[in-house]
Amino acid sequence: MERREPKWMRMNSWLNRKLQGAWRRPKSLDNKIKKQRKGYPPLVKSGYGKPKLVRGLHPTGYEEVIVHNVKELDSIDPRRQAIRIARTIGLRKRIEIIRKATEKGIRVLNATKEAVSRIQEQ
């Protein structure tokens, strides 16, 4: 699904370098974004939501499933789902999971460079 919503900006992030561009809700009384004045970035509102069909999906269009071991790959549908390996998994088990997933045609969203290079060596 293409991105339809605007890029949300924090007030004065375009003027003050130390302010990051990440969205912060405007709270002051005189804030121009809060007042929705012409010429200022848009205010975040519920009407900018994504369509229900694509809500909660990964940007690739797959449904994300967190995997902790090789056995959990059996319940994955490769056409609809992609896996994300849990952050607590070490390199040895990560290599096994990536190898089995590629055999079954399952997409891995967070395959590390180190794990992929070790698989190619073997």
Side-chain angles (χ1 to χ4, degrees):
M1 184 72 198
E2 287 185 18
R3 184 178 174 90
R4 291 185 188 164
E5 59 194 45
K7 186 164 171 45
W8 309 116
M9 294 179 72
R10 182 178 179 174
M11 183 67 184
N12 289 338
S13 64
W14 56 90
L15 297 175
N16 197 342
R17 190 182 289 183
K18 72 179 180 180
L19 294 178
Q20 267 72 46
W23 171 254
R24 296 286 184 275
R25 185 157 199 85
K27 297 183 180 105
S28 75
L29 296 173
D30 300 326
N31 191 290
K32 306 300 185 287
I33 294 178
K34 182 181 175 185
K35 289 183 171 184
Q36 300 177 38
R37 293 279 300 269
K38 181 178 167 184
Y40 285 88
L43 181 69
V44 175
K45 292 181 264 189
S46 60
Y48 286 108
K50 300 273 188 220
K52 276 192 178 178
L53 287 172
V54 296
R55 202 172 294 162
L57 296 180
H58 189 265
T60 57
Y62 291 101
E63 178 186 333
E64 264 186 68
V65 179
I66 296 178
V67 173
H68 296 87
N69 56 42
V70 179
K71 272 198 291 186
E72 292 180 6
L73 292 175
D74 297 334
S75 61
I76 304 284
D77 178 17
R79 287 173 287 145
R80 291 186 311 107
Q81 297 173 325
I83 64 166
R84 179 173 298 281
I85 301 171
R87 67 182 183 83
T88 55
I89 303 303
L91 182 62
R92 184 174 56 192
K93 200 190 269 188
R94 185 177 290 268
I95 290 170
E96 289 178 35
I97 292 172
I98 293 171
R99 185 179 294 129
K100 286 283 186 185
T102 52
E103 287 173 10
K104 293 186 174 194
I106 301 170
R107 186 174 188 148
V108 181
L109 297 174
N110 64 337
T112 59
K113 289 180 184 176
E114 188 178 357
V116 172
S117 64
R118 291 256 179 112
I119 291 171
Q120 291 172 350
E121 287 174 9
Q122 294 174 354

Undergrad: In Å and rounded to the nearest 0.5 Å, what is the CD1 to CD1 distance from Ile85 to Ile95?
TA: 10.0 Å
Undergrad: According to a hydrophobic-cluster definition based on side-chain heavy atoms being under 4.5 Å apart (Ile, Leu, Val, Met, Phe, Trp, Tyr only), do Leu73 and Ile89 belong together?
TA: yes
Undergrad: Looking at CD of Glu72 and CD1 of Ile83, how far apart are the two atoms once the value is rounded to the nearest 0.5 Å?
TA: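 Those atoms lie 9.5 Å apart.
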Undergrad: Going by heavy atoms in the side chains, are Lys45 and Gln36 under 4.5 Å from each other?
TA: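 Of all side-chain heavy-atom pairs linking Gln36 with Lys45, at least one is under 4.5 Å.
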Undergrad: Treating Asn110 as the side-chain partner and Arg84 as the backbone partner, does any N or O pair qualify as donor plus acceptor under 3.5 Å?
TA: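 Between the backbone of Arg84 and the side chain of Asn110 there is no qualifying donor-acceptor contact (under 3.5 Å).
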Undergrad: Using a 6.0 Å cut-off, check whether atom NZ of Lys104 has over 12 heavy atoms from anything other than its own residue.
TA: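 Result for NZ/Lys104: enclosed.
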Undergrad: If you measure from CZ on Arg10 to CZ on Arg24, what distance do you get to the nearest 0.5 Å?
TA: 5.5 Å
Undergrad: Could you state whether Ile66 and Leu91 fall into the same hydrophobic cluster, counting links through intermediate Ile, Leu, Val, Met, Phe, Trp or Tyr residues with side-chain heavy atoms under 4.5 angstrom apart?
TA: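 No, Ile66 and Leu91 fall in different hydrophobic clusters.
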Undergrad: Looking only at heavy atoms, which two atoms of Ala86 and His68 are closest? And how far apart?
TA: CB-CD2, 3.4 Å
Undergrad: Considering all heavy atoms of both residues, which atom of Pro6 and which atom of Pro42 are nearest to each other, and what is their separation?
TA: CG-CG, 3.6 Å
Undergrad: Hey, is Arg118 close enough to Glu114 for a salt bridge, meaning N to O under 4.0 Å?
TA: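 Yes, Arg118 and Glu114 are salt-bridged.
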Undergrad: Please find the pair of heavy atoms, one from Ser28 and one from Lys34, that lie closest to each other, and give the distance.
TA: O-CD, 3.4 Å
Undergrad: How long is the gap from NZ on Lys35 to CG on Leu43, to the nearest 0.5 Å?
TA: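 CG of Leu43 is found 13.5 Å from NZ of Lys35.
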Undergrad: Tyr62, Val108: one ILVMFWY side-chain cluster at the under-4.5 Å cut-off?
TA: no
Undergrad: Given the rule in the side-chain contact (heavy atoms from CB on, under 4.5 Å) test, do Lys100 and Glu96 qualify, once you have shown the distances and angles that lead to the verdict?
TA: CA-CA 6 Å; Lys100 286 283 186 185; Glu96 289 178 35; 5.7 Å; no
Undergrad: Let me confirm one number: the OG-CD distance from Ser117 to Gln122, rounded to the nearest 0.5 Å.
TA: 10.0 Å
Undergrad: Find out if a path of hydrophobic residues (ILVMFWY) with successive side-chain heavy-atom gaps under 4.5 Å connects Trp23 to Leu19.
TA: no
Undergrad: In this structure, are over 12 heavy atoms from other groups packed under 6.0 Å from Arg87 atom CZ?
TA: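 Counting neighbours around CZ of Arg87, 12 or fewer heavy atoms of other residues, nucleotides or ligands fall under 6.0 Å, so no.
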Undergrad: Verify the cluster assignment for Ile98 and Ile76: are they in a single hydrophobic cluster under the rule of side-chain heavy atoms below 4.5 Å apart?
TA: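 In one cluster with Ile98: Ile76, yes.
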Undergrad: When the ring planes of Trp14 and Tyr40 are compared, do they come out parallel, tilted or perpendicular, using 30° and 60° as the limits?
TA: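 Taking Tyr40 first and then Trp14, their aromatic rings sit tilted (interplane angle of 30° to 60°).
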Undergrad: Which distance, rounded to the nearest 0.5 Å, do you find between the CG of Leu109 and the NE2 of His58?
TA: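 So the gap between those two atoms works out to 4.5 Å.
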Undergrad: Suppose we screen for salt bridge (charged side-chain N to carboxylate O under 4.0 Å, His left out). Which residues come up paired with Asp30, at least two apart in sequence or across chains?
TA: none
Undergrad: Any side-chain heavy-atom pair from Lys32 and Met11 closer than 4.5 angstrom?
TA: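 They are in contact (side-chain heavy atoms under 4.5 Å apart), so the answer is yes.
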